[in-house]
Amino acid sequence: MTFPPALHAEWIKIRTLRPQIGALAAVPLATVAFSALAGLGAGDDDILFSAFFGVNFGQIAAIAFGTTAVSAEFHTGALRLSLAAVPRRGSWFAAKLTAIGLPVLAVGLVTGLTALAAGAMTAGPQARDATPAEWVRGTAGCAVYLTLMALLAAGLTTVLRSGVGALSILVPFLLLVSFVLGDVNGNAADFLPDRAGQVVLHSSWDGTLGPWTGLAVSALWTAAAVAAGLWRVRVRDA
């Protein structure tokens with residue numbers, strides 16, 4: 001089987017499993033809800049980040065989407081059938097990641113636009129503190145960042161062969177460990193995948209990385225997880 005039909009097969013799997021559709025739908029819902037609340041109390045804070053503050057919670061849904069899309073292969077034994085249809089394991093893994101990344105990127109763009117509108121509306125006149133270029137950067141960065149987090153989760157799930165294992169590492173890390181390390185270790189924490197990637201959502205920043213270099217660091221984390229996942233797929237029996 002060539003790549004296009006393999007991708008089509010992976011997309012069918014994703015859109016026919018309710019947990020994955022639910023996780024994908026939760027991305028904009030969680031992001032917009034918390035962004036609107038943050039906009040109400042923005043004050044003199046970074047108005048751009050206030051508008052996209054909900055990404056901190058929307059990324060959990062994106063991660064859940066990435067993990068469930070991969071873990072279903074291991075839980076149901078579907079991986080044997082998948083590899084029987086696509087013997088080239090690299091091609092199968094690429095199709096799986098593409099079927100995960102493209103929907104998250106599309107939903108991420110919608111999420112970014114909606115969060116921008118909700119955050120700007122609740123912030124009122126203070127929304128003018130951010131320039132149009134910053135709003136565009138934040139919207140595009142939101143979509144790319146959520147996609148990277150979903151693919152990072154997919155790669156880690158492939159390595160561990162367990163969605164529960166990947167979630168039990170990533171969710172506490174993003175919600176707790178990253179913030180603690182950021183307060184203790186200063187600039188060293190700027191290179192963590194979430195803190196680096198979220199620089200693109202700020203109007204101003206004091207850290208080492210800029211908006212696009214921060215996303216590049218997150219992309220390196222994701223690339224490492226994906227590379228490890230590919231190695232795991234190739235060396236481990238289905």
Side-chain angles (χ1 to χ4, degrees), residues 14-15 18-43 45-69 100-124 126-127 129-130 132-154 166-167 170-179 182 192-205 211-212 214-215 218-219 221-222:
I14 285 178
R15 65 183 177 86
R18 290 182 181 178
Q20 292 171 231
I21 298 300
L24 196 60
V27 173
L29 293 177
T31 301
V32 173
F34 284 99
S35 291
L37 291 174
L40 290 172
D45 296 335
D46 185 333
I47 194 64
L48 185 66
F49 186 65
S50 294
F52 291 106
F53 177 77
V55 169
N56 287 292
F57 302 91
Q59 68 180 342
I60 303 302
I63 286 170
F65 176 75
T67 56
T68 54
I100 293 170
L102 289 181
V104 177
L105 182 62
V107 169
L109 285 172
V110 174
T111 299
L113 290 169
T114 310
L116 183 154
M121 186 180 300
T122 54
Q126 291 176 323
D129 292 346
E134 289 173 337
W135 287 116
V136 171
R137 167 167 55 80
T139 301
C142 173
V144 174
Y145 174 74
L146 289 172
T147 304
L148 290 174
M149 290 297 101
L151 293 176
L152 173 66
L167 287 173
L170 289 174
V171 173
F173 177 82
L174 293 175
L175 295 181
L176 297 174
V177 177
S178 180
F179 289 102
L192 295 175
D194 59 322
R195 295 177 71 92
Q198 289 189 22
V199 174
V200 76
L201 305 177
H202 288 263
S203 294
S204 59
W205 55 92
W212 303 117
L215 274 181
S218 291
W221 280 93
T222 298

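Here the structure is a predicted model, which is why all the values come from computation and not from measurement.
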So do [Y] and [X] actually touch side chain to side chain, heavy atoms under 4.5 Å?
X: V199; Y: W212; value: no
X: L215; Y: L148; value: yes
X: Q198; Y: S218; value: no
X: Y145; Y: D194; value: yes
X: V110; Y: P28; value: no
X: V104; Y: F65; value: yes

How far apart are the closest heavy atoms of [X] and [Y], and which atoms are they?
X: T31; Y: A115; answer: CG2-CB, 4.1 Å
X: A153; Y: T67; answer: CB-CG2, 3.7 Å
X: F52; Y: T139; answer: CZ-N, 3.6 Å
X: A51; Y: W135; answer: CB-CZ3, 3.5 Å
X: I21; Y: I14; answer: CD1-O, 3.9 Å
X: F34; Y: F53; answer: O-CD2, 4.1 Å

Measure the [atom1]-[atom2] distance between [X] and [Y] for me, rounded to the nearest 0.5 Å.
X: T68; Y: I63; atom1: OG1; atom2: CD1; result: 11.5 Å
X: L105; Y: T111; atom1: CG; atom2: OG1; result: 10.5 Å
X: S204; Y: E134; atom1: OG; atom2: CD; result: 8.0 Å
X: L152; Y: Q59; atom1: CG; atom2: CD; result: 10.0 Å

Exercise for review: For a side chain to side chain contact (heavy atoms under 4.5 Å, CB included) with C142, tell me which candidate from L201, T147, T114, V200 qualifies.
Suggested key: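 Among the candidates, only L201 passes.
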
Practice item. Can you label the angle between the H202 ring and the F49 ring as parallel, tilted or perpendicular, going by 30° and 60°? Key: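 Geometry flag for F49 against H202: parallel rings.
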
